[in-house]
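Inspection log for the structure reproduced underneath, given as structure tokens.
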Protein chains: 2
Amino acid sequence: MTQVHCTRAQTAVLQVLQQQHEPISAQELHKLIKQHQRIGLATVYRALDVLKRMGKVQHRVTLTGEKLYNAVEQDRHYMTCLDCGQSFPMNTCPLKGLELSLQHTSSFTIYYHTLEFFGLCEPCSAQGG
Amino acid sequence: MTQVHCTRAQTAVLQVLQQQHEPISAQELHKLIKQHQRIGLATVYRALDVLKRMGKVQHRVTLTGEKLYNAVEQDRHYMTCLDCGQSFPMNTCPLKGLELSLQHTSSFTIYYHTLEFFGLCEPCSAQGG
DNA sequence: GTTATTGCAAACAATTTGCACCCAC
DNA sequence: GTGGGTGCAAATTGTTTGCAATAAC
């Protein structure tokens with residue numbers, strides 16, 4: 001857990017994730033890194049696992065069960081439509097302050113959070129009922 | 001999408017989920033229902049899928065990738081330790097009011113949200129560093 | 001009687017593991 | 001030179017699909 005140096009794979013994974021504007025899947029991540037260096041898919045998963053445990057990378061899960069990873073500092077959240085499955089990014093995080101105040105009332109050390117709203121987007125809610 | 005009646009399976013799934021205090025996996029759910037009626041695992045997944053789309057059931061994903069389902073009205077949240085993997089339930093939902101106010105500023109119809117904090121629990125943060 | 005729902009088993013896909021090889025120090 | 005990091009391919013797991021049988025109305 002107390003790891004000072006990042007391995008080659010971990011560095012590559014973190015770097016590519018930090019360049020993305022949106023969370024991406026492990027498979028996509030693998031493709032992107034392969035453009036620059038020889039790397040196996042398993043190594044990508046292993047690096048992601050370590051980075052997650054270090055609190056540097058987080059992931060969210062789409063309605064289809066796919067995991068999408070992003071660098072923690074990005075702190076992006078989504079509203080996802082249960083009907084069409086589209087995810088709409090939110091421009092702000094409603095928990096910014098709350099997380100800080102929670103740090104004080106609890107002995108748990110918070111690295112990051114996941115937050116996602118589910119419901120119906122405007123078009124779907126107009127049609128479906 | 002516009003479904004008035006619930007099927008036998010859907011009823012069973014929802015009922016069992018409402019009886020649980022904590023989210024459970026689809027496999028556990030299947031075992032529990034099988035005690036009372038003949039049901040296939042696939043049917044459980046199918047029922048969960050419909051109920052999720054109806055906004056009656058939601059799920060969260062553990063660090064190990066397992067999906068745990070619960071009835072939406074329960075609105076339970078967790079703090080999960082990245083080191084030992086344990087999840088600690090939170091007694092309140094910090095978004096109670098916020099979700100309502102969000103309904104007004106956005107055209108998205110919110111059914112429910114997922115929220116989870118990740119970091120280190122007290123024991124792990126004492127040891128690990 | 002007709003249509004949607006179900007159970008089963010086979011198929012699928014993402015992820016994890018075992019192991020020999022390679023690189024960094 | 002040694003130990004951890006890595007690639008590859010095989011194994012594993014949770015989930016989904018096809019289809020004939022069944023239940024609901």
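Residue numbering restarts at 1 for every chain, and letters A, B, ... go by the order of the sequence lines. Both backbone and side-chain heavy atoms feed into the values below; hydrogens, waters and symmetry mates do not.
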Let me have the donor-acceptor pairs involving side chains of residues 29-38 of chain B, under 3.5 Å, with sequence neighbours excluded, atom names and distances please.
| from | atom 1 | to | atom 2 | distance (Å) |
| --- | --- | --- | --- | --- |
| B:His30 | NE2 | B:Ile39 | O | 2.9 |
| B:His30 | NE2 | B:Leu41 | N | 3.4 |

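Residues passing the side-chain hydrogen bond (donor to acceptor under 3.5 Å, both in side chains) test with B:Ser106: none are found, sequence neighbours excluded. Every residue two or more places apart in sequence or in another chain was checked for a ring-ring contact (aromatic ring centres under 6.0 Å, His included) with B:Tyr45, and none qualifies. Legend: residues meeting side-chain hydrogen bond (donor to acceptor under 3.5 Å, both in side chains) with B:Glu99, ordered by chain and number and at least two apart, are B:His113.
Whole-Å rounding puts the A:Leu68 CG to C:dT15 C1' distance at 15 Å. Spacing between atom CG of A:Leu48 and atom C1' of C:dT15 amounts to 11 Å, rounded to whole angstrom units. B:Leu63 places its CG atom 14 Å from the P atom of C:dT15, with the value rounded to the nearest Å. Here C:dT16 presents its C1' atom at 11 Å from NZ of A:Lys67, a figure rounded to the nearest Å.
Alongside A:Val61, the hydrophobic cluster contains B:Val61 (criterion: ILVMFWY side chains under 4.5 Å). Taking Ile, Leu, Val, Met, Phe, Trp and Tyr as members and joining any whose side-chain heavy atoms lie under 4.5 Å apart, directly or through other members, B:Tyr78 forms no hydrophobic cluster with any other residue. Other members of the hydrophobic cluster containing B:Leu115, listed by chain and number, are A:Met79, A:Phe88, A:Met90, A:Leu95, A:Leu98, A:Leu102, A:Phe108, A:Ile110, A:Leu115, A:Phe117, B:Met79, B:Phe88, B:Met90, B:Leu95, B:Leu98, B:Leu102, B:Phe108, B:Ile110, B:Phe117; membership follows side-chain contacts under 4.5 Å among ILVMFWY residues, whether direct or relayed.
Within 6.0 Å of atom CD in A:Glu122, 12 or fewer heavy atoms from other residues, nucleotides or ligands are found, so the atom counts as exposed in its surroundings.
Axis angle across the helix from C:dG1-D:dC25 to C:dC25-D:dG1, with five pairs used at each end and values rounded to 10°: 40°.
Contact annotation: A:Thr7 side-chain N/O to D:dG4 OP1/OP2 distance is not under 4.0 Å.
A:Arg46 comes within 4.0 angstrom of a nucleotide base, judged by non-hydrogen atoms across all strands.
A heavy atom lying under 4.0 Å from DNA chain C marks the following residues of residues 19-45 of chain B, by number: B:Arg38, B:Ile39, B:Gly40, B:Ala42, B:Thr43.
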